[in-house]
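Below is one structure; the comments refer to it alone.
In what follows, every heavy atom counts, from backbone to side chain, and hydrogens, waters and symmetry copies are set aside.
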Amino acid sequence: MDRNTRLDARRRELLEQLDRYTQDGTQRVNWLTTQDDRVCGLCAAREQRVLTIAEAQAELQGTFCESNDLEFGCRCTLTVVENDFDEMP
């Protein structure tokens, strides 16, 4: 699988995850990276950012990740923010 195909597949996975969160009533998510040397600059800039579902969906449009990791591609995840206590500083 080439880089673009892998990133497109990951984008679909994350968008599907956001759809499930929306169905469950989630309003905000926290963007998390693996915090290692393979995280691209785009993803590193989003690390621990709390976003609305709409903002997260917008971040996943266009070039959302510049990972050159051919084995894994983008390894970011989105976690539910249930209340203000869950927000990262």
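- Minimum interatomic distance between Q48 and L32 (heavy atoms only, all atoms of both residues): CG-CD2, 3.9 Å.
- Taking the centre and axis of the six-membered ring of W31, the NZ or CZ atom of R49 falls outside the cone set by 45° and 6.0 Å.
- Between D19 and T22, the side chains place no donor N or O within less than 3.5 Å of an acceptor N or O (distance only, hydrogens not considered).
- Taken to the nearest 0.5 Å, the CD atom of Q27 stands 11.5 Å off from the CD atom of E82.
- Counting only heavy atoms from C-beta outward, the side chains of R3 and E66 approach each other to under 4.5 Å.
- Summarising the geometry of S67 relative to G73, their closest heavy-atom pair is OG-O, 3.3 Å, with the distance given to 0.1 Å.
- R38 is linked by a side-chain contact (heavy atoms from CB on, under 4.5 Å) to D36, D69, F72, R75, counting only residues two or more places apart in sequence or in another chain.
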**Request:** Carefully, step by step, assess T5 and D2 under the rule side chain to side chain donor-acceptor pair (under 3.5 Å).
**Result:** CA-CA 5 Å; T5 301; D2 72 2; 2.5 Å; yes
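- Inter-residue side-chain proximity for Y21 and R28 is flagged as unmet; no heavy-atom pair is nearer than 4.5 Å.
- Contact annotation: the side chain of V29 never approaches that of T79 to less than 4.5 Å [non-hydrogen atoms, C-beta and beyond].
- Contact of the T33 side chain with the C43 side chain is registered, since non-hydrogen atoms from C-beta on lie closer than 4.5 Å.
- A 4.5 Å side-chain heavy-atom check between N30 and L78 finds every atom pair outside the cut-off.
- Crowding of E13 atom CD: a count of heavy atoms from other residues, nucleotides or ligands under 6.0 Å exceeding 12.
- The distance from atom CG of L60 to atom CG of L14, rounded to the nearest 0.5 Å, is 5.5 Å.
- Linking ILVMFWY residues whenever their side-chain heavy atoms come closer than 4.5 Å, directly or via other members, places F64 and L18 in the same cluster.
- Side-chain contact between L7 and R11 is absent, with no heavy-atom pair separated by less than 4.5 Å.
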**Message:** Before you tell me yes or no, could you show the steps for Q57 and L51 under side-chain contact (heavy atoms from CB on, under 4.5 Å), namely the whole-Å CA-CA distance, both residues' side-chain angles and the distance that decides it to 0.1 Å?
**Reply:** CA-CA 9 Å; Q57 290 168 331; L51 304 166; over 6 Å; no
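- Residues T26 and I53 share a closest heavy-atom pair of O-CG1, 3.6 Å.
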